[in-house]
S.K.: 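Sharing a structure below in C-alpha coordinates format, with a few things to ask.
In this text, all values refer to a predicted model and were calculated from it rather than measured experimentally. First the proteins, then the strands, lettered A, B, ... as listed; each starts at 1.
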Amino acid sequence: MEDCEPSLPIRVYTVIASIPEGKVTTYGTIARLAGAPRNSRQVGTILQRLPKDSKLPWFRVVNSQGKISLTGPDYIRQKKALLADGVLFTRSDRINFKIYGWPD
DNA sequence: GCAATGACTTGGT
DNA sequence: CACCAAGCCATTG
(Lines give C-alpha, C1' and ligand atoms only; values in the text may rest on other atoms or scores of the structure.)
Protein backbone atom coordinates (compact mmCIF):
# COMPACT_ATOMS: atom_id res chain seq x y z
CA MET A 1 0.00 0.00 0.00
CA GLU A 2 0.86 3.62 0.17
CA ASP A 3 3.57 4.63 2.58
CA CYS A 4 2.55 7.39 4.89
CA GLU A 5 4.79 10.41 4.73
CA PRO A 6 7.01 10.53 7.80
CA SER A 7 5.88 12.94 10.50
CA LEU A 8 7.49 16.35 10.71
CA PRO A 9 9.68 15.44 13.72
CA ILE A 10 11.06 12.43 11.84
CA ARG A 11 11.83 14.51 8.75
CA VAL A 12 13.46 17.16 10.92
CA TYR A 13 15.61 14.56 12.67
CA THR A 14 16.78 13.31 9.29
CA VAL A 15 17.77 16.77 8.10
CA ILE A 16 19.61 17.63 11.32
CA ALA A 17 21.50 14.36 11.20
CA SER A 18 22.82 15.38 7.78
CA ILE A 19 24.42 18.65 8.88
CA PRO A 20 28.17 18.28 8.30
CA GLU A 21 30.62 18.75 11.16
CA GLY A 22 31.96 22.29 11.38
CA LYS A 23 28.90 23.83 9.74
CA VAL A 24 25.63 25.19 11.06
CA THR A 25 22.18 25.77 9.66
CA THR A 26 19.01 27.62 10.63
CA TYR A 27 15.55 26.62 11.80
CA GLY A 28 14.09 28.03 8.60
CA THR A 29 16.50 26.11 6.39
CA ILE A 30 15.74 22.87 8.18
CA ALA A 31 12.03 23.51 7.72
CA ARG A 32 12.62 24.13 4.02
CA LEU A 33 14.74 20.98 3.55
CA ALA A 34 12.12 18.99 5.46
CA GLY A 35 9.47 20.14 2.99
CA ALA A 36 7.66 22.45 5.42
CA PRO A 37 9.03 25.92 4.63
CA ARG A 38 6.59 27.77 6.92
CA ASN A 39 7.33 25.66 9.97
CA SER A 40 10.54 27.07 11.41
CA ARG A 41 8.83 27.46 14.78
CA GLN A 42 7.90 23.82 14.85
CA VAL A 43 11.55 22.98 14.23
CA GLY A 44 12.44 24.89 17.37
CA THR A 45 9.74 23.12 19.36
CA ILE A 46 10.90 19.74 18.12
CA LEU A 47 14.48 20.49 19.15
CA GLN A 48 13.34 21.60 22.58
CA ARG A 49 11.69 18.25 23.08
CA LEU A 50 14.79 16.27 22.08
CA PRO A 51 16.09 13.98 24.84
CA LYS A 52 19.24 15.36 26.37
CA ASP A 53 21.15 12.23 25.36
CA SER A 54 20.19 12.59 21.71
CA LYS A 55 22.96 11.78 19.27
CA LEU A 56 21.69 14.44 16.85
CA PRO A 57 23.88 17.54 16.30
CA TRP A 58 21.17 19.84 17.68
CA PHE A 59 23.86 22.42 18.52
CA ARG A 60 24.46 23.09 14.81
CA VAL A 61 21.12 24.88 14.58
CA VAL A 62 20.98 28.66 14.99
CA ASN A 63 18.49 31.37 14.03
CA SER A 64 18.34 33.34 10.80
CA GLN A 65 20.52 36.06 12.27
CA GLY A 66 23.29 33.56 12.80
CA LYS A 67 22.88 33.66 16.56
CA ILE A 68 22.14 31.07 19.23
CA SER A 69 18.47 31.17 20.23
CA LEU A 70 18.97 29.45 23.56
CA THR A 71 19.62 31.40 26.75
CA GLY A 72 21.41 30.86 30.04
CA PRO A 73 23.13 27.52 30.71
CA ASP A 74 21.75 26.08 27.49
CA TYR A 75 23.35 28.93 25.56
CA ILE A 76 26.69 28.09 27.16
CA ARG A 77 26.34 24.40 26.33
CA GLN A 78 25.56 25.10 22.67
CA LYS A 79 28.36 27.63 22.27
CA LYS A 80 30.91 25.24 23.77
CA ALA A 81 29.72 22.45 21.50
CA LEU A 82 30.08 24.72 18.46
CA LEU A 83 33.54 25.90 19.44
CA ALA A 84 34.57 22.27 19.90
CA ASP A 85 33.09 21.67 16.45
CA GLY A 86 35.36 24.32 14.93
CA VAL A 87 32.72 27.02 14.44
CA LEU A 88 33.92 30.60 14.85
CA PHE A 89 32.03 33.51 16.42
CA THR A 90 32.21 37.22 15.80
CA ARG A 91 32.64 39.79 18.55
CA SER A 92 28.86 39.99 19.04
CA ASP A 93 28.32 36.23 19.34
CA ARG A 94 27.33 35.90 15.70
CA ILE A 95 28.12 32.63 13.96
CA ASN A 96 30.53 32.75 11.06
CA PHE A 97 28.14 31.79 8.28
CA LYS A 98 29.20 28.36 7.16
CA ILE A 99 25.67 27.35 6.45
CA TYR A 100 24.44 23.97 5.36
CA GLY A 101 21.62 24.11 2.81
CA TRP A 102 21.72 27.88 2.53
CA PRO A 103 19.63 29.19 -0.39
CA ASP A 104 21.97 30.32 -3.19
C1' DG B 1 -12.41 20.45 19.22
C1' DC B 2 -10.39 24.74 20.37
C1' DA B 3 -7.35 28.15 22.51
C1' DA B 4 -2.69 28.69 24.04
C1' DT B 5 2.15 27.97 23.10
C1' DG B 6 6.67 28.85 21.00
C1' DA B 7 15.12 26.74 20.47
C1' DC B 8 11.23 31.25 14.26
C1' DT B 9 11.27 34.99 10.51
C1' DT B 10 10.81 39.24 8.26
C1' DG B 11 10.37 43.95 8.17
C1' DG B 12 10.22 48.33 10.42
C1' DT B 13 11.98 51.97 13.78
C1' DC C 1 23.14 46.99 16.87
C1' DA C 2 18.79 46.59 19.76
C1' DC C 3 13.98 46.27 20.15
C1' DC C 4 9.01 45.71 18.65
C1' DA C 5 4.84 43.97 15.73
C1' DA C 6 2.82 40.87 12.83
C1' DG C 7 2.66 36.53 10.40
C1' DC C 8 3.14 31.74 10.69
C1' DC C 9 1.28 26.78 11.90
C1' DA C 10 2.00 21.97 14.13
C1' DT C 11 1.68 20.47 18.64
C1' DT C 12 -0.35 20.56 23.46
C1' DG C 13 -3.60 20.30 27.19
Side-chain angles (χ1 to χ4, degrees):
Chain A
M1 277 313 290
E2 188 39 54
D3 305 335
C4 295
E5 200 182 14
S7 65
L8 182 57
I10 297 301
R11 301 198 308 271
V12 167
Y13 298 153
T14 304
V15 173
I16 292 175
S18 73
I19 306 172
E21 181 182 337
K23 293 197 178 184
V24 297
T25 193
T26 70
Y27 301 93
T29 300
I30 291 170
R32 182 168 55 79
L33 294 179
R38 313 288 179 185
N39 290 31
S40 53
R41 283 182 103 148
Q42 273 56 265
V43 173
T45 301
I46 289 162
L47 283 177
Q48 187 168 39
R49 297 183 65 79
L50 274 182
K52 207 166 186 188
D53 55 12
S54 175
K55 297 299 183 256
L56 289 177
W58 55 270
F59 50 85
R60 295 183 186 143
V61 186
V62 300
N63 64 34
S64 66
Q65 304 171 75
K67 301 218 291 184
I68 291 173
S69 285
L70 292 174
T71 60
D74 291 330
Y75 168 86
I76 302 295
R77 197 178 313 120
Q78 182 169 8
K79 184 166 182 179
K80 282 186 174 178
L82 288 173
L83 289 173
D85 214 32
V87 175
L88 301 178
F89 289 75
T90 67
R91 178 149 48 93
S92 54
D93 279 343
R94 189 99 75 91
I95 303 288
N96 201 356
F97 265 58
K98 291 176 152 189
I99 305 296
Y100 168 67
W102 201 247
D104 292 338

S.K.: When rounded to the nearest 0.5 angstrom, what distance separates OG1 in A:Thr14 from CG in A:Leu33?
M.R.: 11.5 Å

S.K.: Can you give one letter per nucleotide of nucleotides 7-13 of chain C, 5' to 3': B if a protein heavy atom sits under 4.0 Å from the base, S if only from the sugar-phosphate, - if neither?
M.R.: BBBBSS-

S.K.: Nearest heavy-atom pair of A:Gly22 and A:Asp85: which atoms, and what distance?
M.R.: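 Smallest heavy-atom distance, with atoms named: N-OD2, 3.2 Å.
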
S.K.: Please tell me if the side chains of A:Ile16 and A:Ile30 come closer than 4.5 Å, counting only heavy atoms from C-beta onward.
M.R.: yes

S.K.: Is there a path of hydrophobic side-chain contacts, each under 4.5 Å between heavy atoms, that joins A:Val61 and A:Tyr75?
M.R.: yes

S.K.: With a sphere of 6.0 Å drawn around CZ of A:Arg38, does it hold more than 12 non-hydrogen atoms of other residues, nucleotides or ligands?
M.R.: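 Open.
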
S.K.: For DNA chain B, which residues in residues 52-61 of chain A have a heavy atom at a distance below 4.0 Å?
M.R.: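 Correct list: A:Trp58.
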
S.K.: With heavy atoms under 4.0 Å as the rule, sort A:Ser92 into base, sugar-phosphate or nothing.
M.R.: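 A:Ser92: backbone/sugar contact only, no base atoms under 4.0 Å.
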
S.K.: With sugar-phosphate meaning primed atoms plus P, OP1 and OP2, does A:Arg94 contact a base, only sugar-phosphate, or nothing at under 4.0 Å between heavy atoms?
M.R.: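 Touches sugar-phosphate only.
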
S.K.: Given 3.5 Å as the limit, does a donor-acceptor pair link the side chain of A:Gln65 with the main chain of A:Arg94, or not?
M.R.: no

S.K.: Backbone N or O of A:Phe89 within a donor-acceptor pair of the A:Asn96 side chain at under 3.5 Å?
M.R.: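 It does not hold such a pair.
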
S.K.: Under 4.0 Å from a heavy atom of chain A: give me the 5'-most and 3'-most nucleotides of DNA chain B that qualify.
M.R.: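 Listing 5' to 3', DNA chain B meets chain A from B:dG6 to B:dT10.
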
S.K.: If you take all heavy atoms of A:Arg11 and A:Pro6, which pair is closest and at what distance?
M.R.: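 Closest pair (atom of A:Arg11, atom of A:Pro6, distance): NH1-O, 2.7 Å.
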
S.K.: Any chance you could measure A:Arg32, atom CZ, to A:Thr25, atom OG1, to the nearest 0.5 Å?
M.R.: 8.0 Å

S.K.: Roughly how far, to the nearest 0.5 Å, is the CG atom of A:Leu70 from the CZ atom of A:Phe59?
M.R.: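 Taking CZ in A:Phe59 and CG in A:Leu70, the distance rounds to 12.5 Å.
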
